[in-house]
Structure formats: C-alpha cells, structure tokens
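Encoded as structure tokens, the structure appears first; notes follow it.
Scope of the values below: all heavy atoms of this structure, side chains included, with no hydrogens, waters or symmetry mates.
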Amino acid sequence: MERPDDRIASALRFSTELIAWVATPWALWERSWPLAVLAVMVLIGLPTVFSTPGDKAHVLVPVPGSVTVLLVLLQFAAAVTSAWLAWPVWAAVLVSLLVAAGLVTERRRRRWLLSRDHQA
C-alpha cells in the first residue's frame, strides 16, 4: 500500500501542531512554568524522534504506524484542551473545528499508518 497524498491533511495537521505548541504552554504557564516547558518539549520532541518509516524522509527512531497515530492524536487533544483552557471561546471553537477537519482529512493517512503495523 502506497502512502496517500495528504497535502490538505498535512496543512491542517501542521496548523494544529503549531496551535498545540503555543496553547499548551500558555495554558500551563500560570500553574507551573517547568511543566509548560516540558509540555512543549514533549509535543515537539516525540514526533521528531519517533516516526514511522515511509511517513517522513528522515526517521531517527522507527516506530509502528499506531505510535504515529497516537502522537497525532496527542497533538490534536493538546490543541483543543489547551485552547479551551487558555483562550477565548471563539478561538477555542475555531481550534475545535480545525481539529475536527484534521481528523476527517487524516483518515486515509491513519489507515495507511495502521496498515504499516502488519508489515514484516
């Protein structure tokens, strides 16, 4: 199975990742600035280090497709949760809509990634 062309999904996913990287430390800063810094390191670091072969050009630590799917879901959950905690309602609604669109457009890539779990 060939990796699907997912330019729209990639743009939505990247936008959501940027929001997660900004909104999460914003939401956590008043509670614990070390936790805010750690959250950004986790949200940026994990997908940078761990990726599924064939999904990115450079793979540092290869992982099954299910791990990549979980990392994307972590980014999406962080973006929505943090937006609702830190930003005005109208902004949180827009982030929620972006994540919903991302979930829909990610379907083909998600199926492809999960099929990678069953390859030898």
Side-chain angles (χ1 to χ4, degrees):
M1 179 181 222
E2 185 176 306
R3 186 182 191 282
D5 177 19
D6 66 342
R7 285 175 267 187
I8 293 172
S10 291
L12 294 174
R13 185 174 61 251
F14 182 66
S15 300
T16 302
E17 288 172 348
L18 288 176
I19 290 169
W21 300 344
V22 171
T24 302
W26 193 327
L28 293 172
W29 193 263
E30 287 185 14
R31 289 163 184 80
S32 169
W33 70 263
L35 187 58
V37 171
L38 179 63
V40 172
M41 291 171 58
V42 166
L43 289 171
I44 294 173
L46 288 179
T48 300
V49 173
F50 302 102
S51 53
T52 303
D55 190 42
K56 287 186 178 178
H58 303 286
V59 175
L60 296 176
V61 177
V63 294
S66 55
V67 174
T68 298
V69 169
L70 289 173
L71 290 173
V72 170
L73 293 176
L74 173 68
Q75 299 277 348
F76 283 11
V80 170
T81 303
S82 300
W84 281 100
L85 291 173
W87 293 347
V89 171
W90 64 267
V93 168
L94 290 176
V95 171
S96 298
L97 291 172
L98 175 68
V99 168
L103 286 169
V104 170
T105 59
E106 280 278 312
R107 288 178 308 188
R108 288 180 31 211
R109 177 175 177 256
R110 199 167 35 245
R111 265 192 304 261
W112 177 80
L113 284 166
L114 293 174
S115 75
R116 306 289 291 174
D117 287 354
H118 305 291
Q119 293 179 357

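Hydrophobic clustering (side-chain heavy atoms under 4.5 Å, transitive across Ile, Leu, Val, Met, Phe, Trp, Tyr) keeps L71 apart from V99. Note on W112 and L103: same hydrophobic cluster, where clusters join Ile, Leu, Val, Met, Phe, Trp and Tyr whose side-chain heavy atoms are under 4.5 Å apart, directly or indirectly. Residues V80 and V72 fall within the same hydrophobic cluster, defined by Ile, Leu, Val, Met, Phe, Trp and Tyr side chains chained together at heavy-atom separations under 4.5 Å.
Interatomic distance, L85 CG to W26 CH2, rounded to the nearest 0.5 Å: 13.0 Å. Rounded to the nearest 0.5 angstrom, W87 CH2 and I19 CD1 are separated by 5.5 Å. Going from atom CZ of R13 over to atom CZ of R109 covers 3.5 Å, rounded to the nearest 0.5 Å. From T52, atom OG1 reaches atom CG of L113 across 5.0 Å, with rounding to the nearest 0.5 Å. Between E106 atom CD and L73 atom CG the span is 8.5 Å, to the nearest 0.5 Å.
Under the 4.5 Å side-chain criterion, counting only non-hydrogen atoms from C-beta, W84 is in contact with V89. Looking at heavy atoms from C-beta onward, L98 lies out of side-chain contact with F76 at the 4.5 angstrom threshold.
One N or O on the side chain of R107 and one on the backbone of V104 form a donor-acceptor pair closer than 3.5 Å. The backbone N or O of A79 sits nowhere less than 3.5 Å from a side-chain atom of S82 that would complete a donor-acceptor pair.
Partners of W21 according to the ring-ring contact (aromatic ring centres under 6.0 Å, His included) rule, which considers only residues two or more places apart in sequence or in another chain, do not exist here.
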Could you give the side-chain donor-acceptor pairs of residues 37-50 under 3.5 Å, partners two or more places apart or in another chain?
from: T48; atom 1: OG1; to: I44; atom 2: O; distance (Å): 2.6

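Nearest heavy-atom pair, P62 versus L60, reported as atom, atom and distance to 0.1 Å: CD-O, 3.9 Å. Minimum interatomic distance between P53 and V59 (heavy atoms only, all atoms of both residues): CA-CG2, 3.9 Å.
The residues R3 and D55 are annotated as salt-bridged, a charged nitrogen and a carboxylate oxygen being separated by less than 4.0 angstrom.
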### Task
Evaluate the criterion side-chain contact (heavy atoms from CB on, under 4.5 Å) for residue pair D5 and R7; output intermediate values, then yes/no.
CA-CA 6 Å; D5 177 19; R7 285 175 267 187; 2.6 Å; yes
#### Entry: Verdict with supporting geometry, S66 and L114, side-chain contact (heavy atoms from CB on, under 4.5 Å)
CA-CA 5 Å; S66 55; L114 293 174; 3.9 Å; yes
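Taking a 6.0 Å sphere around CD1 of I8, one finds it holds 12 or fewer heavy atoms contributed by other residues, nucleotides or ligands.
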